[in-house]
Structure formats: structure tokens, C-alpha cells
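Below is one structure; the comments refer to it alone.
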4 protein chains.
Amino acid sequence: MQSRTPAPRATGRPRSAAADAAILAATREALVELGWSKLTLGDVATRAGVAKTTLYRRWAGKNELVVDAVAELFDELRLPDRGTLAADIEGVVLQFAAILARPEAKSGLMAVVAESIRDDALRERIRESIVDRQKRLVLEGRARAQARGELPPETDPLEATRTVDLIFDMVAGAVVHRTLVSAEPADEEWVRNFTQVLLTGLAGTP
Amino acid sequence: MQSRTPAPRATGRPRSAAADAAILAATREALVELGWSKLTLGDVATRAGVAKTTLYRRWAGKNELVVDAVAELFDELRLPDRGTLAADIEGVVLQFAAILARPEAKSGLMAVVAESIRDDALRERIRESIVDRQKRLVLEGRARAQARGELPPETDPLEATRTVDLIFDMVAGAVVHRTLVSAEPADEEWVRNFTQVLLTGLAGTP
Amino acid sequence: MQSRTPAPRATGRPRSAAADAAILAATREALVELGWSKLTLGDVATRAGVAKTTLYRRWAGKNELVVDAVAELFDELRLPDRGTLAADIEGVVLQFAAILARPEAKSGLMAVVAESIRDDALRERIRESIVDRQKRLVLEGRARAQARGELPPETDPLEATRTVDLIFDMVAGAVVHRTLVSAEPADEEWVRNFTQVLLTGLAGTP
Amino acid sequence: MQSRTPAPRATGRPRSAAADAAILAATREALVELGWSKLTLGDVATRAGVAKTTLYRRWAGKNELVVDAVAELFDELRLPDRGTLAADIEGVVLQFAAILARPEAKSGLMAVVAESIRDDALRERIRESIVDRQKRLVLEGRARAQARGELPPETDPLEATRTVDLIFDMVAGAVVHRTLVSAEPADEEWVRNFTQVLLTGLAGTP
DNA sequence: ACCTAAGCGAGACGGTACGTCTGGTCTTTCT
DNA sequence: AGAAAGACCAGACGTACCGTCTCGCTTAGGT
């Protein structure tokens, strides 16, 4: 997680591996109970049975800690193979919606995105830990649809990247907006309608 | 804004109308300079040339204040009549993107949405002040497209409402995600591509 | 009280005479319930059924108001004629102790004295309203004792004044210290002992 | 001072001993410059180069802090041995008067006594830190006078205690009243007169 | 079996903002 | 012009967290 290059320390007492896990779990627990703005690092440390110094030795602050705590939630996303592009999309979007329905994800995600607006390093960390990691799903889905003949093959590789980004923004944006701003569940019916518009457009080509 | 129906007071010195405007302007200024998390109400009061008590007499806290300050930004959105549905959408999405490009909108909007997750009253306030107010644009656009024959008329009114919500989530979600999460500009090219996918679907029906 | 020269106003609504009394009574009531430091002028105004402005129009602040409110309490002191100097002193000291036992006197008196240390005008006001007004008791007592032959007549008038001040400081100081600092009641027994020491000295001349 | 036996803490960073001294000194400085009512704990903290939290961690509030700051002033009182009871009393009273002449003592002492009227814990603290500590002077003075044969030996021990309290109230009360209420200096002449009345009584036995 | 450097829990530290309260003043309308 | 009402500016209050620091203690690997 936070340890990009663990810098092999030769001497001294090694850092407790258990502490990391306990801290991240405590962070998610606190997010559920208190929400972002009332979550304090002192409280997280207490919940994790750890001193504040231990926490600060590993994370720079609340933002970084929550990014790592939330990122783990999204790693369980998988692209199911349900036979058609529409079914695949519906499947993955439902998974995404299920994660976003969890209070620790809701509370944490928007808050760190909000913080990232004035903090480039944080945005980069979010991108690495959360966003880019999930773009693979779009790529995979497209490849599978092309293999099935549901989508034409790529011609322009630049154009291809641009489209992946656009689709990702559209899918993630819609689900997030539905869940967090409109505060309505992204349930099966909504996902079906969304997928149809995404695939066939507003006019609903038959 | 915050005064839904201020209960017409008979006696005593009336509240200064100028103070409200000064406070909201100062809030936006502080959002630009400091961002959400470093914005303090004491600082806003100072910038507005107003005592802290005056501020607290009118708003319950940072969240409510920023909702009102940001809401004003979105009131300038207009649906242009450019002749076709595609052009109309492109026009309004570009306006939306332009507002979201302003730092006071960026900093404030996501933060209050994040806060609203654990605060129902705040979410309701956001919905009233910002979200529902702009859904009119979707309604207007559809009506115009139907008049032009670009979209079929409604049959089921319930279905019609559901579609408005879906479209709103898709449009707003995509632009917000592009701007705030991906942190890339929603420029003319992106808007053109987005509009095409929205209208004709992923496969790009001609 | 506070109006040394009522400045005969020709025009406009005259000041309510009842308000003065209500305010001073409310002040004493608040002193009993809240004590000096938690007494607020807003609260006094509310208790008196009067606007804060009315209160400030008549008194400069908390200090002045409380001096006037407390001064009234001491005006009821009388020097009884009990036949001997010792009995006279005991009588008046017991009265003084009874007043100081009342919470509004306790709370208010020491506080304004404390404030007066850095405020000459306030000290002067206290002297006029409280201290000098009661020195008459010492003068009266001495005159009566001289008439009875218990004390020799004055020779040096300057010396005479000096002695009055000394006796006053000794009597008032002892009772105040007993009541407020030692926080023990200045009851009959204590007063008897005190009077004896005062009259015959430490060694207790028979 | 405030640390009656702070329960020897085993772990954590120990409290800075220097901070205590700096805070008490800053408190006295602020008392001199500002007086009681304009003294703020924030200002004291700043003067002491200490955070407000550090101050509140050690003292419950302004009252307790000032008691400790003032108490230190009285610890320098000593009973001189000048050969006679009268001379001993004059010596110690002059010392007491000299301390009370200092603005930090004046400003602080009366104010905390005033506050103590509604706060039993505070009164107890004052008694422990200031009053009872100085009663030793009366005891010592009496013992010495008895050794010299100036005063008869005790017979009734209860009566003896009562007399100590009475003398203390008379001495302290008179000096305090002279200094703070009458606002006249307790100079050598006054002390001589006072001592004579105290020893020989009003009629002035030759 | 030591040595030593880093990690650890605890809690004090200097700061900063919070949201509330009070002190006095000012601005309304009504009397 | 005075009064009641209540908004206004100013600034202290006591609390809560922040992120850092200083303790004494533990825990390894290197010798």
C-alpha cells in the first residue's frame, strides 16, 4: 500500500506488520461510525491499539490514510463473463454500486477526491491506487466485446485510449452521481436502463 | 438562499442585506485561495468585514454556508437553442464544464457532497439549491427535441421522470468525474465525443 | 443613585422611575443566583423587563451598577444606644455582619473592591456610596462614649480623624475578613471576643 | 503549588518544569499590567511562551492560576525577632503591607477572594495556599511573647485556637482594608498606631 | 550474550480553529 | 425623545485535533 519502496532497513526493530492492517481496518471502522469529517487520527490510533506516532510514521496524514483504506475496497472488482457486452457491463456496474453502497466507501471516497483538488500528490495517489487500477475493467470488457464481434476493432490507438477514458468517466461518474449525489440506489433496474442508454444512445436504437 | 421564509420579524434591528452578499462572496474568495479544508469561518467573517456571530446567526456551519455560496454559481446555466439536440447538449455541457473549472466550484462542490453523506438535512439542501434546480435543463432539452421530432413523445409519465433522473446522473456524473477525478479539462473535443456516445451509444450508430 | 445631576430634560418621553428600582432589584437577585462573575448585563435587563439600552443609558457598566445595588444594603445600618461603648459596638458590628452574610452583599462587595484597584473613579464611587457613609457610625459612637465618659475628649482634631479611619479599617476589615476570607460566621460570640480585644487590647487588661 | 502530589506518572513525556514557573511569572506580570479583569489566559500563555492547552492542562481556570501566582508572594513573610511583641508585630505587619502594596498582589488577591464566595473548592485552595500558611506567624509571635513574659501562657487549647483566628482576622483584615478599600498606604506611622490599639485597646491603657 | 538502532505506547507540547458567550453599540419601530 | 427588540462588531472563552516531541521500554539483527 503506502510502501512503494520499503527501503530495506538493515538494523533496528522492524515495523510491525500487524499494525498496518489494524490501522487500515480501524480507519474503515471509524469511517463507518463517524464519517470523514469527524474521523480523527487519534481515534484511529486508539481503535487500532497503536500510538499516534506509529500511525504518523507510516502515513503523512488523514488523506493518505483514507485513500489506502478505501482503495482496498475496490480491489475485489471483477469483470464477469456473462456472454454479452450488455450483461458484462451490468455485472461490473452492479459490483461497483455494491461497493459504493458501503458507508466506509461513500464517506471516504468523495472526501479524498475533494481534498485532492488542491493537492496534486494526493490526486496522483488516488489515481494510482483507485482509478487507474480499475480502468483495466474497461479495457478487458472492450477486448472481450471485440472478440465477440460486438464492437469493431481499434484503428487509431490514441483514439482508443481516449475512448477508454471517456467510457470510464461516463460509467464511474454516473454510478457515483446516482449513489452519492442523487442518493438513490443503483439497483438492477437502474443499471439495466443505464446500460441500455450507454450502449444504444438516448434515442434508444432498436 | 438560506432564508426560506425568515418569519417576518416585527421589531428590532433588521438583518443587514449587504452582509449576506458580502459573506457569500467572501466564502467563494476563500474557497479559491484556501480550498475547502483550510477555509475557516473566522477568516470568512474577517474577509466579509463581519463579526463571526453575524455569520453564525445566519448559517449553521461551514457546510451550509458553502452550499449557498456554490449554488449561486450554477444559477447562470442556460439551455441554448442551437437547432439540434446534439448542439443543445454540447452547449449546456460546455457551460457546466466551465463552471466546474472554476476553483471555487471544484473546491466546494465535492466537499459538501462528501459531507452530505452523513447529513440528510445537508443533502436535502444540496438537492434543493443545486441539483433539482438544474434538472429543468434536461426537461427543457427533451421537450425541445420532441418538438423538433428528434425524440419520440412520452407515453408513461413515471418512466419519463425516471429517464430525466438517469440522464441527469449520466451527464452531471460524467462531467464531474472528468473534471474532478480524472482532472482533465472537459473541453470542446471531449464534449463532442461525450455527446455522441450519449446520443448514439457505444457502438456509435450512424 | 447614579444621576448626580438629573439634567432637567424638557422634551421627549421621560425616563421611567420604576425602571431604576427594577434594575437594582434584578441586579441583587442575579448576584444571589449567579454571583458576580456570571452576572451579565443582558440577563439583568431581561430580569428587570428592560432593554439593554435602557440599562446602559443609566449606568456605565457592571461595576457601577453593582456598586449602587450593593450600597443600598448598607443604608439600613444604625448605631443602637445600648448604654455602654462595648454594647454599642457589639450591636453595630452584628448588624454589619448580618448584612455581609447575605449573598448579594458577599458576591458584590469584594468584586467591586477588586475592580476598584485599577479604576480610581470606581473607588471614589465606592467610597462615596458605601465607605464614607458608614464612617458616621464610628464618629457617633465615639461622641456618645465621650459623653458617657468612657473615652477622653479629643485634643488634636487631625489625630481625631486619623483615629476614626484606623478604627473603621480595624472594624470593617476584621468583619469582612472573618466573613469572606475565613468564611466563618461573625456570630455573637465572635463579636464579643472581637469587641473585647478592640477595647482592652491583646493582653486583655481587666 | 498546584501539584499536591501529582501521582508519579510512569509513562509519556513528563511535564515541563520550566513551564510552571514561566506561567506563574507571566501571570504576575499580566496582573501588574492589566489587572484581574482584563487578564486573559490566552495572553498569559503567550507571555509565558506556552500554548493555551499547556496552561489548561495544569490549572482549571483563571481563579486557580492566580491563587497560585499570588500565593508565592506571601511565602517570603518572616517574623523578625525585635525584642518586644509590639516591635515584632510592627515588623511583620510592615512586611505584609509591603507585599500588598505590589500591584500583582492587590489585583489578584481581592479578586480571587471575591470568586471564592461562590466556589468552595477555590476558597479551600486559598485557605491552604495563603491563609493557613501565614497563621504560623501569629502562633510564633504569641509563643515568643509568652516566653518573654509579655503574654500569659495558654490555659484552654480550644480558646487558644480561637484567639489565633481572631487575631489573624483582625491583623490581616485591617491591613487589607486600609490598603485596598481605603486605598491609603499602611506606612510606619499607621502600623505604629494600629499596633498600639491592638495591644492596649481603644482607650489606650498606659 | 551483548550491542545498538529503530520501533513502540504514552502523553505533553505549541498551534489553530471551533462554536458560544458577553460587552457595548447601533438601528429599527412603537409610544 | 425614550423604550423594547434584536442585530451588530469585537474578542475571550474552554475544547478538540493537529502533527511533533520526548520519555522509558521492547525487539530484533549483527557481532
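Letters A, B, ... are given to chains in the order of the sequence lines, protein chains preceding strands, and every chain is numbered from 1.
The distance from atom CH2 of C/Trp59 to atom C1' of E/dG24 is 16 Å, rounded to the nearest whole Å. When rounded to the nearest whole Å, the span between CG of C/Leu65 and P of E/dG23 equals 11 Å. Distance, C/Arg58 CZ to F/dA4 C1': 13 Å, rounded to whole Å. Computed from coordinates, the A/Trp36 CH2 to F/dC18 P distance equals 10 Å when rounded to whole Å. Between C/Arg47 atom CZ and F/dA4 atom C1' there is a gap of 19 Å when expressed in whole angstrom units. Look at CG on D/Leu39: it is 12 Å from C1' on F/dA12, rounded to the nearest Å. Per the geometry, CG belonging to C/Asp20 stands 14 Å off C1' belonging to F/dA3, to the nearest Å. Here E/dG19 presents its C1' atom at 13 Å from NZ of A/Lys38, a figure rounded to the nearest Å.
Looking at C/Arg28 and C/Glu33, no side-chain N of the basic residue comes within less than 4.0 Å of a carboxylate O on the acidic one, giving no salt bridge. The pair B/Arg125-B/Asp68 meets the salt-bridge criterion, with a side-chain N (NZ, NE, NH1 or NH2) lying under 4.0 Å from an Asp/Glu carboxylate O.
Counting non-hydrogen atoms under 4.0 angstrom, A/Gly61 reaches nothing in the nucleic acid. Using a 4.0 Å heavy-atom distance criterion, B/Thr53 is classed as a base contact. Within the nucleic acid shown, A/Leu55 has no heavy atom closer than 4.0 Å to any nucleic acid atom.
Relative to the side chain of A/Leu41, the nucleotides E/dC8, F/dC9, F/dG19 differ in distance, and F/dG19 lies closest. Across E/dA10, E/dG9, F/dT20, the shortest atom-to-atom separation from the side chain of A/Tyr56 is found for F/dT20. Each of E/dC18, F/dT15, F/dC17 was ranked by its minimum atom distance to the side chain of A/Thr40; first place goes to F/dC17. Relative to the side chain of B/Ser16, the nucleotides F/dC8, E/dG14, E/dC13 differ in distance, and F/dC8 lies closest.
Interface remark: the B/Lys52 side chain does form a donor-acceptor pair with the E/dG19 base, using a distance-only criterion of under 3.5 Å. Between the side chain of B/Arg13 and the base of F/dC8, no donor-acceptor pair under 3.5 Å is found.
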(message) The test is salt bridge (Lys or Arg N to Asp or Glu O under 4.0 Å); show your working for A/Arg123 and A/Asp119 and say whether it passes.
(response) CA-CA 6 Å; A/Arg123 184 170 50 234; A/Asp119 181 343; over 6 Å; no
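Mapping B/Ala51 and D/Asp43 onto DNA chain F by nearest heavy atom places B/Ala51 at the nucleotide closer to the 5' end. The 5' end of DNA chain E is approached more closely, in terms of each residue's nearest nucleotide, by A/Gly49 than by the other of A/Gly49 and C/Gly42.
Side-chain nitrogen and oxygen atoms of A/Thr54 include none within less than 4.0 Å of the OP1 or OP2 phosphate oxygen of E/dG7. One finds a side-chain N or O of A/Arg57 lying less than 4.0 angstrom from the OP1 or OP2 phosphate oxygen of E/dC8.
Within the 4.5 Å cutoff, no side-chain heavy atoms of A/Val32 are placed close to those of A/Glu29. Under the 4.5 Å side-chain criterion, counting only non-hydrogen atoms from C-beta, A/Val70 is not in contact with A/Glu104.
For A/Lys62 and A/Trp36, the positive end sits near the middle of the six-membered ring, less than 6.0 Å away and at most 45° from its axis.
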